[in-house]
Protein chains: 2
Amino acid sequence: MSQSVKNQSIEYIANVMKTLGDQNRLYIFSLLSKHELCVCEITAISHLSQSNVSQHLAKLKSAGLVKERRDAQWIYYSLNSQKNPVVSEIIKLIPEPPENIFPTASSGNHSTCKF
Amino acid sequence: MSQSVKNQSIEYIANVMKTLGDQNRLYIFSLLSKHELCVCEITAISHLSQSNVSQHLAKLKSAGLVKERRDAQWIYYSLNSQKNPVVSEIIKLIPEPPENIFPTASSGNHSTCKF
DNA sequence: TTAGTATATTAGAATATACTAATAAGGTAA
DNA sequence: TTACCTTATTAGTATATTCTAATATACTAA
């Protein structure tokens, strides 16, 4: 914890809590705590609609909790742990998703998104 | 951390986050992290209505975050740190309220609630 | 008992949220 | 270019939330 979490304003912490206070968003956050994932992978794992996943990711991003990286058609999301000290503290609070729900390396070549 | 926070279900953690994802409730939670307070004290410090404070406290209690203790007319609320391992983890995330907003011991004799 | 104080509950209005369906936008590859 | 894939955005609906105002409940003390 290089920069103290406690230096954040209560307004910001409340916004983080509100953002993660939705079951589906917290679940997406927990997925990203284990692996960087593209939107279609999250959509497949979560059984939410693509539109819904996209909207949840936008809120997570707006709260400074995730970052994105484009690779061809795919946009990969991951937690913003490096820049945001709150993220690593939150990770300690949430249960880890089972590893077997994630696509395997062999299935993840993205010739087409079949997840 | 005698009992691990990570053993809690993601549904429960989401509900805790949702409960604390309101600025006013998070503020009340932060007040209680420093002092046990009765409803009229919280009402005075927070500048919220008595009804509103009561409703927020009911939600905090329903989420297992606070407990109450009656003393004559007054009901004192405090954090449920002993029974709920999540509480002490959350405390680490939130900024501390300034000490000078709390009623002093001399003003707190409750001959009438003048806070 | 009655009056007064502290807290909880209810009803209702205004606002915010999550979701679906449809469409737009950005990129790839033939 | 066109067809296709991935992601984002928009509009609209259903539901949830926060707050105020009014009232009810619980306790104390005269």
Side-chain angles (χ1 to χ4, degrees), chain A residues 11 14-29 31-32 36-63 66-78 103 107-115, chain B residues 11 14-29 31-32 36-63 66-78 103 107-115:
Chain A
E11 290 80 10
N15 187 56
V16 166
M17 300 269 187
K18 185 184 203 169
T19 303
L20 294 176
D22 174 89
Q23 272 194 222
N24 290 328
R25 269 197 301 273
L26 188 62
Y27 182 59
I28 292 172
F29 182 92
L31 295 176
L32 297 177
E36 179 186 60
L37 295 167
C38 70
V39 179
C40 64
E41 288 172 318
I42 298 169
T43 300
I45 298 171
S46 67
H47 302 297
L48 300 171
S49 73
Q50 181 271 317
S51 169
N52 198 6
V53 168
S54 184
Q55 291 173 70
H56 283 315
L57 288 168
K59 289 208 173 188
L60 289 166
K61 190 182 163 198
S62 162
V66 306
K67 61 183 192 296
E68 56 184 279
R69 164 182 79 82
R70 178 179 277 278
D71 180 8
Q73 296 114 312
W74 298 278
I75 300 181
Y76 287 89
Y77 282 85
S78 57
S107 71
N109 61 3
H110 278 308
S111 64
T112 180
C113 192
K114 50 189 168 304
F115 301 114
Chain B
E11 289 81 10
N15 187 57
V16 166
M17 300 269 187
K18 184 183 202 170
T19 302
L20 294 176
D22 174 88
Q23 273 194 221
N24 291 329
R25 269 196 302 273
L26 188 60
Y27 182 59
I28 292 173
F29 182 91
L31 295 177
L32 296 177
E36 179 186 61
L37 295 168
C38 69
V39 180
C40 62
E41 287 172 319
I42 298 169
T43 300
I45 297 171
S46 68
H47 302 296
L48 300 170
S49 73
Q50 180 270 319
S51 168
N52 198 5
V53 168
S54 185
Q55 289 173 73
H56 283 315
L57 288 168
K59 287 206 175 186
L60 289 167
K61 190 182 164 196
S62 162
V66 306
K67 61 182 194 297
E68 56 183 279
R69 166 181 78 82
R70 179 179 277 278
D71 179 11
Q73 295 116 313
W74 299 280
I75 299 181
Y76 287 88
Y77 282 85
S78 57
S107 72
N109 62 2
H110 278 309
S111 65
T112 180
C113 190
K114 52 186 164 307
F115 301 113

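What you see is a predicted model; the values in this text were computed from it and never measured. Protein chains get the first letters and strands the later ones, always in sequence-line order, with residue 1 at the start of each. We use all heavy atoms of the structure for the numbers below, so side chains are in, but hydrogens, waters and symmetry mates are not.
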Taking all non-hydrogen atoms of both residues into account, name the closest pair between A:Thr19 and A:Arg25 and its distance.
O-NE, 2.6 Å

Output yes when at least one side-chain N/O atom of B:Lys59 is less than 4.0 Å from OP1 or OP2 of D:dT17, else no.
no

Is the phosphate of D:dA8 approached by A:Tyr77 (side-chain N or O, under 4.0 Å from OP1 or OP2)?
yes

Report all interatomic pairs (protein N or O, nucleotide N or O of nucleotides 19-22 of chain D) with separations under 3.5 Å.
{"unit_1": "D:dC19", "atom_1": "OP1", "unit_2": "B:Asn24", "atom_2": "ND2", "d": "2.6"}
{"unit_1": "D:dC19", "atom_1": "OP2", "unit_2": "B:Asn52", "atom_2": "OD1", "d": "3.2"}
{"unit_1": "D:dC19", "atom_1": "OP2", "unit_2": "B:Asn52", "atom_2": "ND2", "d": "3.3"}
{"unit_1": "D:dC19", "atom_1": "OP2", "unit_2": "B:His56", "atom_2": "NE2", "d": "2.6"}
{"unit_1": "D:dC19", "atom_1": "O5'", "unit_2": "B:Asn52", "atom_2": "ND2", "d": "3.0"}
{"unit_1": "D:dC19", "atom_1": "N4", "unit_2": "B:Gln55", "atom_2": "OE1", "d": "3.4"}
{"unit_1": "D:dT20", "atom_1": "OP2", "unit_2": "B:Ser49", "atom_2": "OG", "d": "3.3"}
{"unit_1": "D:dT20", "atom_1": "O4", "unit_2": "B:Gln55", "atom_2": "NE2", "d": "3.2"}
{"unit_1": "D:dA21", "atom_1": "N6", "unit_2": "B:Ser51", "atom_2": "OG", "d": "2.8"}

Pairwise side-chain contact, B:Lys67 with B:Ser78, heavy-atom cut-off 4.5 Å (strictly under)
yes

Determine whether B:Leu37 and B:Ile28 make a side-chain contact, defined as any pair of heavy atoms from C-beta on separated by less than 4.5 Å.
no

Shortest non-hydrogen contact from A:Cys38 toward A:Tyr76
N-CD2, 3.6 Å

Closest approach of A:Tyr77 and A:Leu32, non-hydrogen atoms and distance?
O-CD2, 3.3 Å

Atom CD of B:Glu68 and atom P of C:dA6 are separated, to the nearest Å, by 17 Å

Which pairs, protein N/O on one side and nucleotides 27-30 of chain C N/O on the other, fall under 3.5 Å?
none

Grab the two heavy atoms, one from A:Asn15 and one from A:Ala63, that are nearest each other, plus how far apart they are.
ND2-CB, 4.0 Å

Select base, sugar-phosphate, or nothing to describe what B:Lys61 touches, counting heavy atoms under 4.0 Å on all strands.
nothing

Separation of A:Leu48 CG from A:His56 NE2 (nearest 0.5 Å)
5.5 Å

Do the side chains of A:Val39 and A:Ile42 get nearer than 4.5 Å, heavy atoms only?
no

Roughly, in whole Å, what's the span from OH in B:Tyr76 to C1' in C:dT5?
13 Å

To the nearest 10 degrees, what angle separates the axes at the start and end of the helix from C:dT1-D:dA30 to C:dA30-D:dT1, five pairs each?
20°

Is there side-chain contact between B:Asn52 and B:Thr43, with heavy atoms separated by less than 4.5 Å?
no

Nearest-angstrom distance from the residue atom CZ of B:Arg69 to C1' of D:dA26:
17 Å

Check B:Ser46 against B:Tyr27 and note the closest heavy-atom contact, atom names and distance.
CA-CE2, 4.1 Å

Could you tell me the separation between the CH2 atom of A:Trp74 and the C1' atom of C:dA25, rounded to a whole number of Å?
17 Å

Rounded to whole Å, please give me the gap between CG in A:Asn15 and C1' in C:dT17.
14 Å

Consider the side chain of A:Val39, meaning its heavy atoms from C-beta on, and name the nucleotide among D:dA8, C:dT7, C:dA18 that approaches it most closely.
D:dA8

side-chain N/O B:Lys18 vs D:dT17 OP1/OP2, d < 4.0 Å:
yes

If every non-hydrogen atom of B:Val66 is compared with every non-hydrogen atom of B:Leu57, which pair is closest and at what distance?
CG2-O, 4.1 Å

Pair B:Ile45, B:Val53 - check side-chain contact (heavy atoms from CB on, under 4.5 Å), show working.
CA-CA 11 Å; B:Ile45 297 171; B:Val53 168; over 6 Å; no

Grab the CD1-C1' distance between B:Ile75 and C:dT9 for me, whole Å please.
13 Å

Using the side-chain heavy atoms of A:Cys40, tell me which of these nucleotides is nearest: D:dT7, D:dT17, C:dT7.
D:dT7

